Amino acid sequence: MKPHESGLCPDMKPDTTVHIEETFGINKDVVVPAFSERTDYVPDLDENYHFDHDTTLAILAGFAHNRRVMIQGYHGTGKSTHIEQVAARLNWPCVRVNLDSHISRIDLVGKDAIVVENGLQITTFKEGLLPWALQHPTCLVFDEYDAGRPDVMFVIQRVLEVEGKLTLLDQNRVITPNPWFRLFSTTNTVGLGDTTGMYHGTQQINHGQMDRWNIVATLNYLTHDVEVDIVYRKARSWQKRSDGQRVLANMVNVADLTRKGFMNGDVSVVMSPRTVLTWAENTEIFDDLGFAFRVTFLNKCDELERPTIAEYYQRCMGEDLGDASAEITLRT
């Protein structure tokens, strides 16, 4: 399906529906509004994406009933991608913003700018991302929501209400949200701050703001077999190996041990599904499983914890991690 020639228009509205049982494999006779045509803002479709049942229901409720939905969970569980892949199947325009400490109130709301019109320099107000998104049929995703600056968070708080209108003080103007505007966020700490040291830079979110999020879903790591299947499908070069699935299963076993070790307080870092996939891809590049593990994950760990991580590797892979100084050649 080709992108809509006119791009994203404020007057666009859903003109079809999607059955969630057919599209997402959820056993419910429910339909969700969707767009029949794609725009440039619709995320690319990942045919192999695995949908978590509860998280998918929460996201679909956000689209269908204009709920404000927050997805909480460890890094690498696919929180943002989950929202994007639901949007991709609904052909719903989606804009994703990483709410790091460099995002300011001006970036979101807008600012005065000097432009040239008819050969003259004039000052005009340039809308930021938030006013633009509010006026269009789009879903706005705030990534790393708990890392946002306090002044930015209070700007967002204004639009968390379903009828949340945004007042542009510089323009003496009130913006009413488009009826098909949707708002989502992803967070590692569900607004309670970081007590583990894993997510340095995150902050506590005041309860008044948290209370405005209608739905909070938790996305945990995948089950072992599902994670193996996903990595196997994404790391296509491993499908050519006769032992590909077996080795990948052992690699996921290593990741599982890091997660259990973290919960027991033995290690301070965990391997996410994203890390396992990167390890598989780096193994193809270096043609060395142990070296790829070192540069993908082990070198990110505290030196005092590396022997424990190396033991996890030995237990699952059936071999010592080996000498990091061994000569490695790159595959072409």
Side-chain angles (χ1 to χ4, degrees), residues 20 30 32-33 43 51-75 77-87 90 92-101 103 105 107-109 128-167 175-195 198-199 201-220:
I20 69 171
V30 177
V32 178
F51 288 96
D52 174 76
H53 179 276
D54 293 355
T55 305
T56 304
L57 275 180
I59 295 171
L60 289 171
F63 280 109
H65 301 286
N66 198 14
R67 302 282 84 188
R68 304 305 193 225
V69 181
M70 173 182 284
I71 310 296
Q72 181 267 337
Y74 285 127
H75 62 285
T77 53
K79 299 181 294 294
S80 306
T81 311
H82 216 301
I83 300 169
E84 287 184 327
Q85 287 306 308
V86 172
L90 302 177
W92 207 295
C94 180
V95 178
R96 181 173 158 186
V97 179
N98 193 311
L99 209 62
D100 58 47
S101 60
I103 297 292
R105 180 185 180 279
D107 294 323
L108 283 186
V109 177
L129 177 65
L130 190 55
W132 176 87
L134 272 172
Q135 298 171 80
H136 289 81
T138 182
C139 80
L140 180 58
V141 182
F142 285 122
D143 258 346
E144 314 299 341
Y145 186 73
D146 47 1
R149 291 163 40 169
D151 58 327
V152 171
M153 304 305 281
F154 281 110
V155 172
I156 297 172
Q157 184 164 324
R158 302 181 198 173
V159 300
L160 280 175
E161 302 287 351
V162 173
E163 299 84 12
K165 298 181 180 181
L166 179 64
T167 303
I175 296 177
T176 300
N178 186 291
W180 302 107
F181 168 76
R182 300 292 184 264
L183 186 60
F184 298 86
S185 69
T186 68
T187 172
N188 296 123
T189 65
V190 78
L192 299 178
D194 178 28
T195 59
M198 283 185 66
Y199 303 114
T202 57
Q203 306 173 48
Q204 291 186 350
I205 302 173
N206 77 68
H207 186 71
Q209 181 159 153
M210 282 299 300
D211 195 50
R212 286 170 165 81
W213 289 97
N214 310 122
I215 298 174
V216 177
T218 298
L219 184 58
N220 291 315

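Since the model is a prediction, treat every value here as computed from it, not as a measurement. No hydrogens, no waters, no symmetry mates; every other heavy atom, side chains included, goes into these values.
A search for side chain to side chain contact (heavy atoms under 4.5 Å, CB included) contacts involving T81 returns Y49, Q85, not counting sequence neighbours. Residues satisfying the side-chain hydrogen bond (donor to acceptor under 3.5 Å, both in side chains) test with T186, not counting sequence neighbours, are D143. Qualifying salt bridge (Lys or Arg N to Asp or Glu O under 4.0 Å) partners for D52, counting only residues two or more places apart in sequence or in other chains: none. Under the rule for a side-chain hydrogen bond (donor to acceptor under 3.5 Å, both in side chains), the partners of T218 that lie at least two apart in sequence or sit in another chain are Q72. Evaluation of the side chain to side chain contact (heavy atoms under 4.5 Å, CB included) rule for A64 yields V32, P33 as partners, not counting sequence neighbours. Among residues two or more places apart in sequence or in another chain, the ring-ring contact (aromatic ring centres under 6.0 Å, His included) test is passed with F181 by none. Taking W213 as the reference, Y145 meet the ring-ring contact (aromatic ring centres under 6.0 Å, His included) condition, with sequence neighbours excluded. For F142, the ring-ring contact (aromatic ring centres under 6.0 Å, His included) criterion is met by no residue, not counting sequence neighbours.
Going from atom CG of L99 over to atom CG of L108 covers 6.5 Å, rounded to the nearest 0.5 Å. Atom NZ of K79 and atom CD of E144 lie 6.5 Å apart (nearest 0.5 Å). A distance of 9.0 Å separates CD1 in I20 from OG1 in T56, rounded to the nearest 0.5 Å.
In this structure the side chain of V216 never reaches within 4.5 angstrom of the side chain of T187, judged on heavy atoms. No side-chain heavy atom of R96 sits less than 4.5 Å from a side-chain heavy atom of I83. Residues I59 and F184 are in side-chain contact: their nearest non-hydrogen atoms beyond the backbone lie under 4.5 Å apart. Proximity of L60 to H65: side-chain heavy atoms (C-beta onward) are nowhere separated by under 4.5 Å. At a threshold of 4.5 Å between non-hydrogen side-chain atoms, the residues L130 and L140 count as touching.
By the 30° and 60° cut-offs, the orientation of the rings of F51 relative to H82 is perpendicular.
A donor-acceptor pair shorter than 3.5 Å can be found between the side chains of R68 and N66.
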Return all side-chain donor-acceptor pairs below 3.5 angstrom for residues 132-139, not counting sequence neighbours, or 'none' if the list is empty.
| unit_1 | atom_1 | unit_2 | atom_2 | d |
| --- | --- | --- | --- | --- |
| Q135 | OE1 | R173 | NH2 | 3.1 |
| Q135 | NE2 | E127 | OE1 | 3.3 |
| Q135 | NE2 | E127 | OE2 | 3.3 |
| Q135 | NE2 | P131 | O | 2.8 |
| H136 | ND1 | W132 | O | 2.6 |
| T138 | OG1 | P93 | O | 3.1 |

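Closest heavy-atom contact between R67 and A61: CG-O, 3.7 Å.
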